[in-house]
Student: 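Could you have a look at this structure, given as structure tokens, before my questions?
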Amino acid sequence: MSSTLGHTMDSPNHTNLDPSIFFLLGIPGLEQFHMWLSLPVCCLGTATIMGNITILVVVATEPALHKPVYLFLCMLSTIDLAASLSTVPKLLAILWCGAGHISASACLAQMFFIHTFCMMESTVLLAMAFDRYVAICHPLRYATILTDTIVARIGVVAMVRGSLLMLPCPFLIRRLSFCQSHVISHTYCEHMAVVKLACGDTRPNRVYGLTAALLVIGVDLFCIGLSYALIAQAVLRLSSHEARSKALGTCGSHVCVILISYTPALFSFFTHRFGHQVPLHIHILLANVYLLFPPALNPVVYGVKTKEIRERVFRVFQRGQRTGLKASE
């Protein structure tokens with residue numbers, strides 16, 4: 001990465017003699033609270049690992065759960081785990097001991113993977129909305145439409161779509177020069193936080209970043225909304241109140257996950273681009289909420305609201321307890 005960076009940086013407490021090194025500042029203005037903020041980060045990171053691994057183990061070990069809706073849930077859990085591992089270790093290092101140094105290559109890699117995983121998650125959420133649409137509006141064709149092959153292809157599309165949309169960003173950043181500072185006022189290498197440090201023409205980066213975000217969030221939210229509009233239309237045609245409640249109940253978990261995932265994402269997106277009067281630490285906190293909360297809460301939502309998963313989780317833990325008792329005898 002080209003740079004004409006001098007020997008000193010904007011922050012009086014950090015110097016950088018190597019122009020290929022960036023420094024993640026953490027949450028400016030809240031440095032004195034970094035240690036306290038690490039507590040919820042630890043809790044959310046632990047919940048993410050335990051919850052999503054539990055979902056993966058339960059679905060993998062229960063043949064009755066080898067259905068499209070649960071296979072999509074496994075994709076979501078895998079993406080959440082990967083996204084968490086891309087951010088939480090470095091975030092904790094910053095909050096605990098101010099270890100914000102990161103090489104330019106590692107910074108670009110973190111940026112690529114974080115945004116790619118977010119795009120992949122959005123694609124999987126759209127696939128889950130389509131799954132609910134088929135299950136409610138075309139129940140007799142469900143097994144023929146959502147075959148294992150189709151589910152696998154959707155997983156591949158999610159990976160390819162996220163990777164291809166994000167791939168140009170590191171190359172667009174590599175053409176920039178950073179002649180003033182390598183201090184990133186953020187907890188991770190967020191695309192626009194890095195672009196703002198450049199002293200050249202950043203319009204291609206800004207335009208492409210905005211376009212990619214709108215293509216993912218805008219298109220996916222529109223399609224998800226359309227799916228649920230058709231679902232609501234089909235449900236209202238049902239004559240039985242019990243049938244309507246059951247049909248809507250099958251969508252409850254997915255709707256909660258959509259709200260958990262997209263609400264902080266939209267807040268972060270709009271405050272970052274249009275909320276110029278919003279303090280910087282609010283921008284950064286919202287961005288971290290977007291990355292930390294959905295992966296931790298998604299397994300809880302599905303575990304609590306989905307009867308099949310809840311029963312299987314209890315069964316798995318009961319097996320573990322019996323195995324432990326036998327081993328101790």
Side-chain angles (χ1 to χ4, degrees), residues 1 3 5-49 80 82-115 117-118 169-170 173 176 178 180-198 209 264-265 267-273 275-296:
M1 180 179 295
S3 175
L5 178 67
H7 290 298
T8 60
M9 304 180 74
D10 288 350
S11 173
N13 298 322
H14 303 286
T15 59
N16 184 11
L17 300 178
D18 186 350
S20 66
I21 298 294
F22 284 95
F23 187 86
L24 291 164
L25 202 57
I27 308 176
L30 298 179
E31 289 87 354
Q32 66 271 31
F33 301 112
H34 275 187
M35 189 59 69
W36 292 106
L37 290 171
S38 69
L39 296 177
V41 172
C42 274
C43 293
L44 290 170
T46 303
T48 296
I49 293 172
D80 285 341
S84 181
L85 292 174
S86 299
T87 54
V88 172
K90 188 62 179 178
L91 175 55
L92 288 176
I94 294 169
L95 296 178
W96 281 338
C97 50
H101 291 87
I102 184 170
S103 69
S105 297
C107 186
L108 290 179
Q110 186 189 54
M111 176 200 308
F112 173 80
F113 284 115
I114 288 174
H115 292 295
F117 290 139
C118 291
C169 288
I173 288 177
L176 299 173
F178 296 80
Q180 296 178 3
S181 173
H182 273 200
V183 177
I184 303 173
S185 298
H186 216 297
T187 55
Y188 61 90
C189 290
E190 196 269 338
H191 177 246
M192 286 307 301
V194 176
V195 169
K196 286 179 179 179
L197 298 180
F267 270 109
S268 178
F269 177 80
F270 285 115
T271 57
H272 193 74
R273 283 163 176 78
H276 301 297
Q277 303 303 319
V278 178
L280 180 60
H281 65 271
I282 299 296
H283 284 290
I284 298 172
L285 286 173
L286 284 172
N288 281 276
V289 165
Y290 168 51
L291 286 182
L292 295 173
F293 273 82

Student: To the nearest 0.5 Å, how far apart are CG in Leu37 and CG in Asn288?
Tutor: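 Reported to 0.5 Å precision, the distance equals 9.0 Å.
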Student: Counting only pairs under 3.5 Å, give me each side-chain donor-acceptor contact of residues 87-94, with atom names and distances, residues two or more places apart or in other chains.
Tutor:
unit_1 : atom_1 : unit_2 : atom_2 : d
Thr87  : OG1    : Ala83  : O      : 3.1
Thr87  : OG1    : Ser84  : O      : 3.3
Lys90  : NZ     : Ala99  : O      : 2.8
Lys90  : NZ     : His101 : O      : 2.7

Student: So which atom in Leu24 and which in Cys189 form the shortest heavy-atom distance, rounded to 0.1 Å?
Tutor: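 Of all heavy-atom pairs spanning Leu24 and Cys189, the closest is CD2-N, 4.0 Å.
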Student: To the nearest 0.5 Å, what is the distance between CD on Gln110 and OG on Ser103?
Tutor: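 Output value for this atom pair is 10.5 Å.
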Student: I need the minimum non-hydrogen distance between Gly98 and Phe23, along with the two atoms involved.
Tutor: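 Shortest heavy-atom separation between Gly98 and Phe23 comes out as O-CZ, 3.6 Å.
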Student: Nearest 0.5 Å please: distance from the NE2 atom of His191 over to the CG atom of Leu108.
Tutor: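 Here the rounded value is 9.5 Å.
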Student: For the backbone of Gly29 and the side chain of Glu31, can you confirm whether one donor and one acceptor N or O come within less than 3.5 Å of each other?
Tutor: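 Judged by distance alone, yes, a pair lies under 3.5 Å.
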Student: What closest approach, in Å, do Ser38 and Leu95 show between heavy atoms, and which atom pair accounts for it?
Tutor: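 So the two residues come closest at CA-CD1, 3.7 Å.
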Student: Do you know which two heavy atoms are closest between Leu291 and Cys118, and how far apart they sit?
Tutor: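 Leu291 and Cys118 have their closest heavy atoms at CD2-SG, 3.9 Å.
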Student: Does Pro40 reach the side chain of Phe293, with side-chain heavy atoms less than 4.5 Å apart?
Tutor: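 No, every pair of side-chain atoms sits at 4.5 Å or beyond.
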Student: Which residues pass the side chain to side chain contact (heavy atoms under 4.5 Å, CB included) test with Thr46, sequence neighbours left out?
Tutor: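 By the side chain to side chain contact (heavy atoms under 4.5 Å, CB included) rule, Thr46 matches Met50.
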Student: In terms of ring plane angle, is the pair Phe22 and Phe178 parallel, tilted or perpendicular, where the classes change at 30° and 60°?
Tutor: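 Because their plane-to-plane angle is over 60°, the rings of Phe22 and Phe178 count as perpendicular.
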Student: Strictly distance-based, threshold 3.5 Å: is any side-chain N or O of His281 a donor or acceptor partner for the main-chain N or O of Leu30?
Tutor: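 Answer holds: no.
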Student: Distance-only, no hydrogens or angles: does the His34 side chain make a donor-acceptor pair with backbone N or O of Ile27 under 3.5 Å?
Tutor: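 Yes.
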Student: Residues in ring pair (Phe, Tyr, Trp, His ring centres under 6.0 Å) with Tyr188, at least two apart?
Tutor: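 His186.
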Student: To the nearest 0.5 Å, how far apart are OG1 in Thr187 and CG in Leu25?
Tutor: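 Between Thr187 OG1 and Leu25 CG, I get 10.5 Å after rounding to 0.5 Å.
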Student: From Cys107 SG over to Ile173 CD1, what is the distance, rounded to the nearest 0.5 angstrom?
Tutor: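 Rounded to the nearest 0.5 Å, the SG-CD1 separation comes to 7.5 Å.
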Student: Flag the pair Val194 / Met111 as yes when at least one side-chain heavy-atom distance between them is below 4.5 Å, and no otherwise.
Tutor: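 Yes - at least one pair of side-chain heavy atoms lies under 4.5 Å apart.
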Student: Kindly indicate, with the supporting measurements, whether the criterion side chain to side chain contact (heavy atoms under 4.5 Å, CB included) is fulfilled by Ser86 and Phe112.
Tutor: CA-CA 10 Å; Ser86 299; Phe112 173 80; over 6 Å; no
Student: Which atoms form the tightest heavy-atom contact between Ala198 and Leu176, and what is the distance?
Tutor: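 So the two residues come closest at CB-CD1, 3.7 Å.
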Student: Indicate the atoms forming the closest heavy-atom contact of Ser185 with Ile284, along with that distance.
Tutor: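 Closest pair (atom of Ser185, atom of Ile284, distance): O-CD1, 3.1 Å.
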